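Below is one structure; the comments refer to it alone.
On a predicted model such as this, the values are computed, not experimentally measured, just so you know. For ligands, and for the atoms within them, numbers begin at 1 and follow the listed sequence.
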Amino acid sequence: MKNKEQRNYRLETLAIHQGVYKDTAYNSVTTPIYPSSTFAFERLGVNKGYDYTRSGNPTRQALAENLAALEGGTAAWVTCTGMAAFTTIGFLFKTGDHIVTGADIYSGTIRFLTSALAPMGIATAFVNMQDPDAVRKAIRPNTRAILIETPSNPLLNVVDIAAMTAIAREHGLLSIADNTFMSPYLQRPFDLGADIIVHSTTKYLNGHSDVVGGAIIVRDETLAQRLAFLVNALGTACSPFDAWLVLRGVKTLGYRMEAHQRNAMAVARFLAGHPNVSKVYYPGLETHPGHALAKKQMKGFGGMVSFDANLDRVSLDQFFQRLQLFSLAESLGGVESLAEAPWVMSHSSISEEARRASGFSPATVRLSIGIEHPDDLIDDLKAALA
Ligand SMILES: *Cc1c(COP(=O)(O)O)cnc(C)c1O
């Protein structure tokens with residue numbers, strides 16, 4: 001954004017203007033892609049702010065500034081995947097350290113913690129984060145961080161972010177919030193006390209299912225310096241082209257999120273009244289156990305809806321085959337609607353015991369509600385459930 005007078009712009013405005021006007025050569029109104037791997041020095045010791053693209057790149061920096069502004073942070077790094085963001089954060093810890101997180105966080109994060117960090121001597125306790133006492137009990141003298149993800153996946157359980165960050169502060173721990181499911185439009189972890197926000201930009205921030213990426217956002221200068229060092233040392237930053245795609249996608253974030261959640265509410269209400277559906281999981285429904293907390297800490301209820309089909313009356317295989325608008329696919333957060341069976345798809349890498357413990361079953365279907373017309377989505381589900 002041009003450095004005019006400082007104003008407190010709202011998210012919809014920041015999404016469009018923060019990190020653009022970077023082109024002084026031709027005054028393009030969008031941020032150019034700078035694919036160059038290296039940048040020439042004007043003379044020894046003098047360059048225009050960039051030297052090598054792993055270390056820094058103007059297109060990537062534009063996206064980082066944009067995302068930092070949307071979350072209310074002071075610095076951000078954009079990585080080549082959401083997991084690369086977690087890889088980078090993992091290097092904030094050392095052998096002997098311990099992390100506490102939820103039992104029903106994203107399955108790839110569970111795999112990272114148990115199969116990549118644990119063999120390096122960094123252990124994780126997986127607890128029911130809806131119960132603050134369970135979190136307190138899991139804290140050991142060597143615990144260094146609490147990792148929060150809310151709402152959870154696939155049952156959309158809601159974790160009290162302010163309560164978790166208060167526990168972290170009490171014990172001098174870092175609090176890390178994965179805000180992928182809500183996006184900064186619907187949930188503001190910094191306002192609730194978080195130290196680090198992580199995103200898979202693959203999902204709502206990009207929103208168009210055409211790039212994988214991640215982001216780390218902070219407010220603390222010491223953390224910022226360490227993360228800047230790590231992203232460069234590890235080489236986890238994303239390509240300029242991918243950064244440009246996310247920068248393009250994020251401009252409509254607020255308006256997409258409104259459409260996602262309006263449609264999700266309509267779909268959840270439809271499913272709740274359907275005889276072949278035995279249970280609906282959506283924080284926007286008054287019957288959802290996290291509804292009151294969701295109302296308090298989120299600006300809306302998001303675009304993810306899960307349900308249990310009555311397997312005596314519908315075959316999931318037939319259901320997925322009959323759907324015309326919903327693709328049978330993993331991932332979420334794009335403009336197009338997706339449907340999947342977590343038991344055999346997104347969550348199949350988790351042990352059966354852990355899957356049962358988190359409360360879903362082979363009958364559970366997870367929907368990522370897109371921004372198509374809600375009546376068309378409902379008609380599609382109606383036909384497939386018949
Ligand atoms: C998808 C996802 C990730 C991982 O992101 P990738 O871009 O797939 O590496 C992490 N956390 C959550 C909540 C996710 O949905």
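Legend: ring-ring contact (aromatic ring centres under 6.0 Å, His included) pairs involving residues 99-158, not counting sequence neighbours: none detected.
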Report all N/O contacts between ligand 1 and the protein shorter than 3.5 Å as a table of atom names and distances to 0.1 Å; if there are none, say 'none'.
unit_1   : atom_1 : unit_2 : atom_2 : d
ligand 1 : 5 (O)  : Ser200 : OG     : 3.0
ligand 1 : 7 (O)  : Gly82  : N      : 2.9
ligand 1 : 7 (O)  : Ser200 : OG     : 2.8
ligand 1 : 7 (O)  : Thr202 : OG1    : 2.7
ligand 1 : 9 (O)  : Gly82  : N      : 3.0
ligand 1 : 9 (O)  : Met83  : N      : 2.9
ligand 1 : 11 (N) : Asp178 : OD2    : 2.7
ligand 1 : 15 (O) : Lys203 : NZ     : 2.7

Residues 223-233 side chain polar contacts: donor-acceptor under 3.5 Å, at least two apart:
unit_1 : atom_1 : unit_2 : atom_2 : d
Gln225 : NE2    : Glu221 : OE2    : 3.0
Asn232 : OD1    : Arg54  : NH1    : 2.9
Asn232 : OD1    : Ser55  : OG     : 3.0

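With rounding to the nearest 0.5 angstrom, the OH atom of Tyr282 is 11.5 Å from the CG atom of Leu367. Annotation: the span from Leu67 atom CG to Glu71 atom CD amounts to 8.0 Å, rounded to 0.5 Å.
Here Arg269 pairs with Glu286 in a salt bridge; the nearest charged N to carboxylate O distance falls below 4.0 Å.
Through side-chain heavy atoms spaced under 4.5 Å, either directly or across other Ile, Leu, Val, Met, Phe, Trp or Tyr residues, Ile161 is tied to Val100, Val127, Met129, Val135, Ile139, Ile146, Ile148, Val159, Met164, Ile167, Leu173, Leu192.
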